[in-house]
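Have a look at the structure below, then the notes.
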Amino acid sequence: MCIRDSLRGFLKAQQAAGRPTILVVDEAQGLSREVLERLRLLTNPEPDGSGALQLVLVGQPQLQQLLYRPDLSQLLQRVIAHYHLQPLSEAETAGYVVHRLQVAGCTRAIFTPAAIAQIHQGSSGIPRLINMICDMALLYGYTEELEEIDASTIAQVVADRGLGGSGFGPGSIRRTTSLSAPLAVAATEPTESDREMIRELFAGAGERS
């Protein structure tokens with residue numbers, strides 16, 4: 001049995017059990033047109049209406065540009081929700097850092113208010129950069145046996161990483177709605193192993209439209 005048949009059987013079984021199936025593809029802006037088209041085909045239900053797969057494509061801002069290519073118009077027509085996530089404000093950055101620390105089991109303040117302001121400035125509010133700066137700052141703090149992370153430590157991390165201006169400016173939140181398509185896209189490069197896994201998984205997808 002090929003991968004496509006196995007997948008279709010799984011989707012039917014899930015639907016029969018009342019459990020919708022959602023596939024989340026991260027860093028989708030790096031996918032080729034061929035892979036995106038095969039993903040689109042997987043959203044097609046079987047003739048009896050069963051076996052439909054819902055997709056969530058997540059990627060960097062280039063994903064939004066990719067979806068508006070003329071040769072991907074059929075994919076764009078499947079979009080039911082389209083969001084562009086904006087950089088966090090300084091207050092949101094502070095809340096985000098506190099939340100991540102709490103999830104990790106931290107019960108006290110690690111970063112000073114001035115450090116948080118420096119994190120926001122160095123990351124431009126981009127969550128993945130906030131994560132990187134905080135991770136490196138905690139490593140610096142560990143090696144130096146610091147009780148807390150202050151702005152000078154963050155400034156050192158930002159300088160060492162060449163940050164301070166990511167080039168992501170403010171934009172507008174966009175939403176496109178259509179009740180007919182099982183695809184959601186959030187715009188925010190996959191590795192070669194990621195691409196190979198996707199190619200192998202969807203290599204047997206049929207050329208149905």
Side-chain angles (χ1 to χ4, degrees), residues 22-32 35-36 39 55-69 72 76 79-106 108-144 146 148-176 183-195 198:
I22 302 174
L23 174 64
V24 180
V25 182
D26 198 6
E27 300 291 357
Q29 79 282 348
L31 299 178
S32 68
V35 171
L36 286 170
L39 286 170
L55 295 177
V56 177
L57 302 182
V58 183
Q60 297 183 30
Q62 296 89 337
L63 175 59
Q64 182 171 279
Q65 302 169 12
L66 178 63
L67 291 175
Y68 279 89
R69 283 175 39 173
L72 289 173
L76 182 61
V79 172
I80 61 171
H82 186 176
Y83 298 96
H84 185 85
L85 305 180
Q86 303 305 315
L88 303 181
S89 67
E90 185 173 330
E92 290 170 333
T93 297
Y96 178 71
V97 171
V98 169
H99 172 73
R100 290 295 299 266
L101 288 171
Q102 290 176 343
V103 170
C106 180
R108 68 178 183 87
I110 296 294
F111 298 92
T112 67
I116 294 292
Q118 192 75 23
I119 291 168
H120 179 261
Q121 180 179 351
S123 66
S124 296
I126 306 302
R128 72 175 185 279
L129 296 183
I130 295 173
N131 295 341
M132 185 187 73
I133 292 172
C134 290
D135 286 347
M136 292 303 302
L138 289 172
L139 179 59
Y140 284 22
Y142 173 76
T143 58
E144 297 176 14
L146 301 177
E148 65 179 9
I149 305 298
D150 60 16
S152 63
T153 302
I154 301 301
Q156 186 64 55
V157 171
V158 170
D160 289 348
R161 291 291 170 173
L163 299 173
S166 66
F168 288 88
S172 59
I173 297 177
R174 300 181 181 180
R175 176 182 302 174
T176 313
L183 172 65
V185 179
T188 66
E189 177 155 281
T191 64
E192 182 56 35
S193 62
D194 293 331
R195 296 191 183 97
I198 293 172

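Along the sequence shown, the residues carry numbers beginning at 1.
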Residues in side-chain contact (heavy atoms from CB on, under 4.5 Å) with Glu92, at least two apart?
Leu88, Ser89

Would you list the pairs meeting side chain to side chain donor-acceptor pair (under 3.5 Å) in which at least one residue belongs to residues 94-104, sequence neighbours left out?
Tyr96-Arg100, Tyr96-Asn131, Arg100-Asn131

Given side-chain contact (heavy atoms from CB on, under 4.5 Å), test Val56 with Leu23 step by step and report yes or no.
CA-CA 6 Å; Val56 177; Leu23 174 64; over 6 Å; no

Checking the side chain of Gln86 only, and the main-chain atoms of His84 only, is there a donor and an acceptor separated by less than 3.5 Å?
yes

Between Leu129 and Ser124, is the side-chain contact (heavy atoms from CB on, under 4.5 Å) condition met? List the steps.
CA-CA 8 Å; Leu129 296 183; Ser124 296; 5.8 Å; no

Derivation and outcome, side-chain contact (heavy atoms from CB on, under 4.5 Å), residues Leu72 and Leu76
CA-CA 6 Å; Leu72 289 173; Leu76 182 61; over 6 Å; no

How far does CD of Gln60 sit from CG of Leu66, to the nearest 0.5 angstrom?
12.5 Å

Listed by chain and number, what are the side chain to side chain donor-acceptor pair (under 3.5 Å) partners of Glu148, not counting sequence neighbours?
none

To the nearest 0.5 angstrom, please state how far the CD1 atom of Ile149 sits from the CG atom of Leu139.
9.5 Å

Suppose we screen for salt bridge (charged side-chain N to carboxylate O under 4.0 Å, His left out). Which residues come up paired with Arg69, at least two apart in sequence or across chains?
Asp71

Output all residues satisfying side-chain contact (heavy atoms from CB on, under 4.5 Å) with Ser32, sequence neighbours left out; order by chain, then residue number.
Glu34, Val35

Look up atom CD1 in Ile110 and atom CG in Asp150, then write down how far apart they are to the nearest 0.5 Å.
12.5 Å

So does Gly125 get a backbone contact from the side chain of Ser123, meaning a donor-acceptor N/O pair under 3.5 Å?
yes

Can you sort out the partners of Ala115 under side-chain contact (heavy atoms from CB on, under 4.5 Å), two or more places apart, ordered by chain and number?
Phe111, Thr112, Ile154

For a side-chain contact (heavy atoms from CB on, under 4.5 Å) with Val157, tell me which candidate from Gln118, Met132, Met136 qualifies.
Met136

On a heavy-atom basis, the closest approach of Val158 and Ile133 is CG2-CD1, 4.1 Å

Not counting sequence neighbours, which residues clear side chain to side chain donor-acceptor pair (under 3.5 Å) with Thr93? List them please.
none

Nearest 0.5 Å, please: how far is CG in Leu31 from CG in Leu57?
7.5 Å

Is there a donor-acceptor pair under 3.5 Å between the side chain of Gln62 and the backbone N or O of Gln29?
no

Look at the side chain of Asp135 and the backbone N and O of Leu138, then say whether any donor-acceptor pair between them is shorter than 3.5 Å.
no

